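To keep things clear, I will list the structure first and then write my remarks on it.
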Amino acid sequence: MALPTPTPSKVGVALLLSLLAASCSDSNNRAVPTLKWYVFDEPSGAFEKAARQCSKAAQGAYQVDIVTLPADASQQRVQLVRRLAAKDPDIDLIGMDVIWTAEFAEAGWILPWQDEAAAQARQGRLKSTIESATYDNQLWAIPFTSNIQLLWYRTDQVESPPQTWDELIEMAESLGTGTLQVQGARYEGLTVLFNSLLASAGGSVLDETGEAVSLEQEPTEKALSIMKRIGTSRASDPSLATAREDEARLAFEAGSAFMINYTYVWPSAHQNAPRIAAHMGWARWPAAIEGKPSRVTLGGINLGVGAYSQYPDLAFQAAACIASREHQRLAATQGGLLPTLENLYEDPQIEKAFPFANVLQATLKDAAQRPPSPLYNDISLAISRTLHPMRAINPQEDISKLRKVIDRALHSEGLL
Amino acid sequence: MNARGKAERHLGWLLCAPAVITMGAVTAYPILYALWLSLHRYDLRFPHDRSFVGLSNYWSVLSSELWWQTLGNTLIITIGSVSVELVLGFCLALVMYRAIFTRAMVRAAILIPYGIITVVAALAWKFAFDPTTGFVNALLNLEGAWLTERWTAFFVIIFTEIWKTTPFMALLLLAGLTLIPADLLKAARVDGATAIQRFFRITLPLMKPTVLVALLFRTLDAFRIFDTVFVQTRGAQGTETVSITGYNALIVRLNLGLGSAVSVLIFICVILIAVLFIKGFGTSVAQQRGER
């Protein structure tokens with residue numbers, strides 16, 4: 001093949017030109033402060049788009065660039081806290097899991113929202129999401145997206161969804177083995193399950209001060225006995241002890257009848273298993289006690305401003321823009337992430353994306369928080385370690401064991 | 001010592017100095033710093049509560065059930081993997097040594113597992129042993145979920161370790177095999193020694209120093225195991241190792257004092273293992289040298 005070979009002088013000129021062009025665009029960009037938004041990798045590109053639109057709307061005041069964090073929430077935290085502890089000025093905006101609020105606030109790694117900005121951030125948002133961003137009577141982040149579990153079931157196998165856990169386990173058992181998908185691996189998901197069951201039974205891990213163990217006898221015993229029943233039931237998946245959200249989703253898409261999971265399973269089933277998705281029903285998380293509505297653990301992402309940011313004022317503006325109505329709708333319709341603005345749940349576009357919007361809204365209203373402590377991570381480790389595997393739970397014994405390990409975690413003593 | 005000897009010695013030290021200083025900066029400093037941190041209550045989340053607490057971090061680690069449990073787990077994995085690796089490694093080394101045809105091919109094929117990144121190997125075996133995605137259950141006609149029970153999880157972890165590092169062991173032993181004088185073996189053959197006698201009376205004793213080095217390397221390596229366990233079970237099902245305990249305290253909980261205490265204790269264990277090997281095996285090696 002005879003391609004025209006560029007002569008050395010031509011190459012030189014081209015190089016020079018491209019260098020010139022690069023330096024020109026560089027000097028143009030330098031005038032615009034770049035805000036780095038550390039957040040998990042959102043596959044649909046909704047975050048990317050929100051960042052672009054906010055940069056455009058800022059008209060040169062700032063530009064938001066995304067820095068992606070790992071998919072796993074614990075890994076996200078490990079990366080962030082190491083940077084923050086080293087006072088990394090590169091972190092302007094943080095997509096914070098709701099459980100990090102107290103820890104980051106107490107350590108001084110994020111800036112509080114004050115006065116006007118705080119009032120605006122609270123405006124119209126679900127109470128539970130505001131609560132998740134509050135610590136020490138101060139708002140530390142703006143609620144952006146929410147996340148909460150529902151009970152998913154097969155309408156062609158189940159006539160009407162079960163109301164309580166006891167009913168659910170009985171129904172699943174009558175349908176055969178491995179028909180109920182729950183998160184039973186030793187990780188945050190197990191803590192979430194325990195927290196939801198405990199809250200549904202009327203208990204809480206910490207008392208009101210947030211500095212001492214509560215774990216009331218009766219509700220804790222109830223929660224633990226349900227977990228024990230899940231762990232020993234033949235309805236549970238044989239791999240329960242290593243099952244996380246995604247294992248549950250895969251098993252449901254392969255034909256399992258019941259699953260406890262977040263709403264991302266809805267678009268996923270439609271994409272991967274349309275035949276199953278056609279018979280996919282939803283219901284509120286089962287109650288622990290008959291007649292008492294379940295209280296499910298709240299998840300989601302709040303936007304915080306890094307304490308070592310060079311442009312904190314711009315970062316607050318950018319956070320408010322990213323968490324605005326328009327971008328929440330985008331994250332919901334494109335990425336399947338639940339909004340934190342209450343009246344978006346009546347928005348026709350949202351109702352189309354989530355046909356279960358009304359169940360979600362009701363669940364979110366009664367949502368339970370995880371223990372709001374700077375030592376949450378230690379508490380969660382203590383819980384998931386004590387209660388794993390679920391089949392080995394002994395309700396009476398494990399209550400005192402739980403109290404002991406959480407008390408040690410609260411004093412950051414000893415190994416967990 | 002004469003003047004020239006002294007000058008040479010001086011020069012020797014001078015030439016060593018850059019290496020010694022670099023080593024000091026990159027290994028001694030972090031070790032001393034970890035020792036210093038381990039004597040403090042220091043949690044990155046509460047930077048203002050930093051205080052000197054003496055040996056209380058060590059006390060809290062050593063008095064915890066978890067430390068002894070994880071130490072036991074680590075020893076199970078270490079002994080389980082290294083002992084099998086030694087036997088298998090010897091077999092492979094002999095094969096590599098004896099292979100006449102396609103020698104290069106055999107050696108390359110044996111070395112492939114060692115060339116694979118541990119995390120990748122651990123993930124691959126995790127999927128292989130998984131009841132839904134794996135082939136192991138189908139192959140053996142079993143139905144268990146391997147990683148959900150303690151002893152089967154140990155089996156998978158140890159199996160992965162053996163699969164991955166036996167080639168390393170074999171390579172070290174192969175080096176030892178090539179050092180054995182062929183005349184000695186031939187002479188023994190002439191004297192009527194059987195193959196088994198030749199192996200146990202000549203090959204093995206002469207390889208003692210090599211075996212010591214190989215065992216020491218692998219034991220220290222296996223004792224610090226982190227990646228395979230982290231990928232396959234995250235330490236659940238009672239398979240947590242001391243390195244994971246240290247990771248949890250240091251990296252996850254940001255408790256620098258407690259985590260450093262764990263690290264220092266692991267360091268002490270490693271020194272103990274090394275001393276044990278060199279004292280136990282080393283004397284016999286020295287004796288052997290003296291006889292010769």
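This is a predicted model, so every value here is computed, not measured. First the proteins, then the strands, lettered A, B, ... as listed; each starts at 1.
- Interatomic distance, A:F104 CZ to B:R45 CZ, rounded to the nearest 0.5 Å: 10.5 Å.
- With a 4.5 angstrom heavy-atom cutoff, B:Y58 does not touch chain A via any of its atoms.
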Any chance you could lay out the side chain to side chain contact (heavy atoms under 4.5 Å, CB included) test for B:W146 and A:T242, step after step, and finish with the verdict? CA-CA 10 Å; B:W146 293 78; A:T242 50; over 6 Å; no
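- Side-chain contact between B:V252 and A:N377 is present, with heavy atoms from C-beta onward closer than 4.5 Å.
- In the displayed structure, A:R234 atom CZ is contacted under 6.0 Å by more than 12 heavy atoms of other residues, nucleotides or ligands.
- Residue B:L140 qualifies as enclosed at atom CG: its count of foreign heavy atoms under 6.0 Å is above 12.
- Looking only at side-chain heavy atoms (C-beta outward), A:R385 and B:N248 come within less than 4.5 Å of each other.
- Summarising the local packing, CZ of B:F226 is surrounded by more than 12 heavy atoms from other residues, nucleotides or ligands at distances under 6.0 Å.
- When atom types are taken as modelled, the side chain of A:R186 and the backbone of B:R234 share a donor-acceptor pair closer than 3.5 angstrom.
- Looking at B:E240, the atoms closer than 4.5 Å to chain A (heavy atoms on both sides) all sit in the side chain, from C-beta outward.
- Only the side chain of A:Q75 comes within less than 4.5 Å of a heavy atom in chain B; its backbone stays farther off.
- Only the side chain of B:L254 comes within contact range of chain A, judged by heavy atoms closer than 4.5 Å.
- Summarising the local packing, CZ of B:F267 is surrounded by 12 or fewer heavy atoms from other residues, nucleotides or ligands at distances under 6.0 Å.
- In this structure, the side chain of B:R253 does not engage the main chain of A:L375 through any donor-acceptor pair within 3.5 Å.
- Note that CG of B:D130 and OG of A:S239 are 6.0 Å apart. Values are rounded to the nearest 0.5 Å.
- Top candidate by heavy-atom pairs under 4.5 Å with chain B, chosen from A:E106, A:R82, A:R77, is A:R77.
- Using a 4.5 Å cut-off on side-chain heavy atoms (C-beta onward), B:P131 and A:P238 make no contact.
- For B:L44, the parts lying under 4.5 angstrom from a heavy atom of chain A are both the backbone and the side chain.
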